[in-house]
Amino acid sequence: MLDLKPVRGMRDFYPAQMRFRQWLFDQWREVSENFNFLPYDAPLVENLDLLKRKAGEDIAEQLYTFQDKSGRDLALRAEMTPSLARMITSRFESLSMPVKWYTIAQCFRYERTTKGRKREHYQWNVDILGEDSVSAEAEIILLLVQSLKKLGLSAEQVKVKISSRNILEALMNKLDIPPEFHQPVMMTIDKKDKMSESEFDQLISDKLPRKIDIQPIFDMFKLGSPQEISRFMSGLKSSCCKQDQLDKYIEDLDQLIQYLNPVDDFIQIDFSIVRGLAYYTGIVFEVYYQQGKARAIAGGGRYSQLLEKIGGKPLSGVGFGFGDVVILDILKETSNLPQVHPQIDYYIIPFEQKNLKLAFSLLDKLTQQGKRTEIDLKFRSLRNSLKDASRDRCNFVIILFPNEVAQNQVVVKDLIKGDERKVNIRDL
RNA sequence: GUGAGUGUAGCUCAAGUGGUUAGAGCACUGGAUUGUGGUUCCAGGGGUUGGGGGUUCAAGUCCCCUCACUCACCCCA
């Protein structure tokens, strides 16, 4: 006997669940289109080299990799950004900047499954490429917040936490943390929610070459506005450099916050957000669900060197990824999933075998008119047919009674009002 | 990858310390004299109790293996 379950970490979508997924995708698409982002797609299968080059060799362990029959090393995409970078790079000359694209892509990742993490998921990706100013961040985050609202989530339930890797780097410079330790420290910051302050302190100290007072990093996490950051930074006795650049980063953040004024109740500055991926270079952000156990439902940021890494021209981008698994879990918990039943317009009951020819011609006619039409093929008692029609939320039932058919008429019954009338067949 | 827990019908769950043909609700199918639905009533199908092995006169129940799921760690989308 074959195992009927989907393979580990993969999901079946029966119509009952597919409705919700489709609804979610519709919301995503609608927001994207309203902001005039254009849809794109790429193959599920990419060259292993492309995916490795972007993410580093070790990621290969988490990819579904295989060789095709000609011995090419291939992999299922784990995210969309490498494919996007590839597409942009190969048409670079003919694209007018900025490029604003979106996609909903199924991605695969070979790793342990947990709640909210499968080996396969759909990820909504929205990106702006070729715009260096924080206007790009502003538009992306505005769009993101609008999608959250559209899904029925409130500012109390979700927050977009915004941080700047540039400012964090500047802080580390001011603390005399050597550049080669910036990355490990940031990775540790990413995990700070999972430990106490002293554990965190210990973990960071372990990574550093010598004893450095990292208290300012903690202080930084408490800052909530660009003004506080500015004051905080200039308060540090600067043994280091490039004050004007730091000013620029703070200015950027300040501007972004101002641009996001229409959705400011959803926005929070939080420097403990750094994002796991190594390729982010500037502003980064994450959407957090705040109730119960906090969960990240989307995240993104500025990436400046990604295209160069795959051999393209320097081109800076901002984008985010938003997966379907966690959000569907949350919307289910909060009862935010709409009761989306397909509304059937017509339900044809042939009543007698010999009316089937007529029934099918009516089916053809109505469906061509764009009406959702069900034809009852079971020939049971009328009462049972009507019962089904009601259960399936049908508006009108067309019954082919012999007497009426003989006069080229059918009975059209309004299931909502309960009344019925005779209609000439050619008038349908 | 490590540790813990769970696995009984499509779904939610029952079946004292092992003891007859494993039950219920919902869902599904059919019917209440095929020309009238949403409520109601009646009937029915559906399980090798996740899979395999073992102990026993007897296993859903105890033991081992395996698979899947859940939680924590790890890691990240």
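None of the values given here were measured: they were computed from a predicted structure. Chain letters run A, B, ... following the sequence lines, proteins first, then strands; residues in each count from 1. Heavy-atom basis, side chains included; hydrogens, waters and symmetry copies ignored.
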From C-beta outward on A:Thr113, which listed nucleotide comes closest to its side chain: B:A68, B:C76, B:U70? B:U70
Residue-phosphate contact under 4.0 Å: A:Arg383 side-chain N/O, B:A32 OP1/OP2: no
Scan A:Lys387 against the nucleic acid and name what it touches under 4.0 Å (heavy atoms): base, sugar-phosphate only, or nothing. base
Quick one: do A:Arg29 and A:Asp26 make a salt bridge, cutoff under 4.0 Å? yes
Decide whether a cation-pi geometry holds between A:Lys161 and A:Tyr288; the criteria are a distance under 6.0 Å from NZ or CZ to the six-membered ring centre and an angle within 45° of the ring axis. yes
Using a heavy-atom cut-off of 4.0 Å across all strands, would you classify A:Arg112 as base, sugar-phosphate, or nothing? base
Answer yes or no: does a side-chain N or O of A:Lys378 lie under 4.0 Å from OP1 or OP2 of B:U29? yes
Which atom pair, heavy atoms only, marks the closest approach of A:Ser163 to A:Leu168? OG-CD1, 4.2 Å
Which part of the nucleic acid, if any, lies within reach of A:Glu404 when heavy atoms closer than 4.0 Å are counted: base, sugar-phosphate only, or nothing? base
Please work out if A:Asn403 contacts a base, only the sugar-phosphate, or nothing of the nucleic acid, heavy-atom cut-off 4.0 Å. base
Plane angle bin for A:Trp28 and A:Phe25 - parallel if under 30°, tilted between 30 and 60°, otherwise perpendicular: parallel
Both distances under 3.5 Å, Watson-Crick or G-U wobble: report the partner of B:U70, or none. B:A4
Closest-nucleotide mapping onto RNA chain B: is A:Gln123 or A:Arg380 further toward the 5' terminus? I mean the 5' end. A:Arg380
Using the C1' atom as the reference point in each nucleotide, state the distance between B:U29 and B:A72 in Å, no decimals. 45 Å
What integer number of Å spans the P atoms of B:C26 and B:C62? 31 Å
Please tell me if A:Arg391 has a side-chain N or O lying less than 4.0 Å from either OP1 or OP2 of B:U29. yes
Of all the nucleotides listed (B:U36, B:A68, B:C76), which has the minimum atom distance to the side chain of A:Glu111? B:C76
Can you pull out the residues from residues 410-422 of chain A that lie within a 4.0 Å heavy-atom distance of RNA chain B? A:Lys413, A:Leu415, A:Gly418, A:Glu420
With heavy atoms under 4.0 Å as the rule, sort A:Gly9 into base, sugar-phosphate or nothing. sugar-phosphate
For B:U61, what is the paired nucleotide under Watson-Crick or G-U wobble rules, both distances under 3.5 Å? none
Tell me the partner of B:U40, counting only Watson-Crick (N1-N3 plus N6-O4 or O6-N4) or G-U wobble (N1-O2 and O6-N3) with both under 3.5 Å; none if nothing fits. B:A32
What contact category does A:Arg117 fall into here, base, sugar-phosphate, or nothing, at under 4.0 angstrom with non-hydrogen atoms? base
Measure from the side chain of A:Arg8, starting at C-beta and using heavy atoms only, and say which of B:U36, B:C69, B:U29 lies closest. B:C69
Using the P atom as the point on both nucleotides, what is the distance between B:G44 and B:G25, in whole Å? 12 Å
Between the base of B:G37 and the side chain of A:Ser390, is one N or O donor paired with an acceptor at under 3.5 angstrom? yes
Please name the nucleotide paired to B:U17 by Watson-Crick or G-U wobble geometry with both distances under 3.5 Å, or report none. none
Look at A:Asn384 and B:G31 and indicate whether a side-chain polar atom (N or O) is within less than 4.0 Å of OP1 or OP2. yes
Of all heavy-atom pairs linking A:Ala42 and A:Arg86, the shortest is CB-NH2, 4.3 Å
Should A:Lys422 and A:Glu404 count as an ion pair when the cut-off is N to O under 4.0 Å? yes
What integer number of Å spans the P atoms of B:C63 and B:U17? 13 Å
With a 3.5 angstrom cut-off on both distances, give the Watson-Crick or G-U wobble partner of B:U49, or none if there isn't one. none
Is there a donor in the side chain of A:Asn34 and an acceptor in the side chain of A:Glu30, or the other way round, less than 3.5 Å apart? no
So, A:Glu120 and A:Arg11, do they make that salt bridge, N to O below 4.0 Å? yes
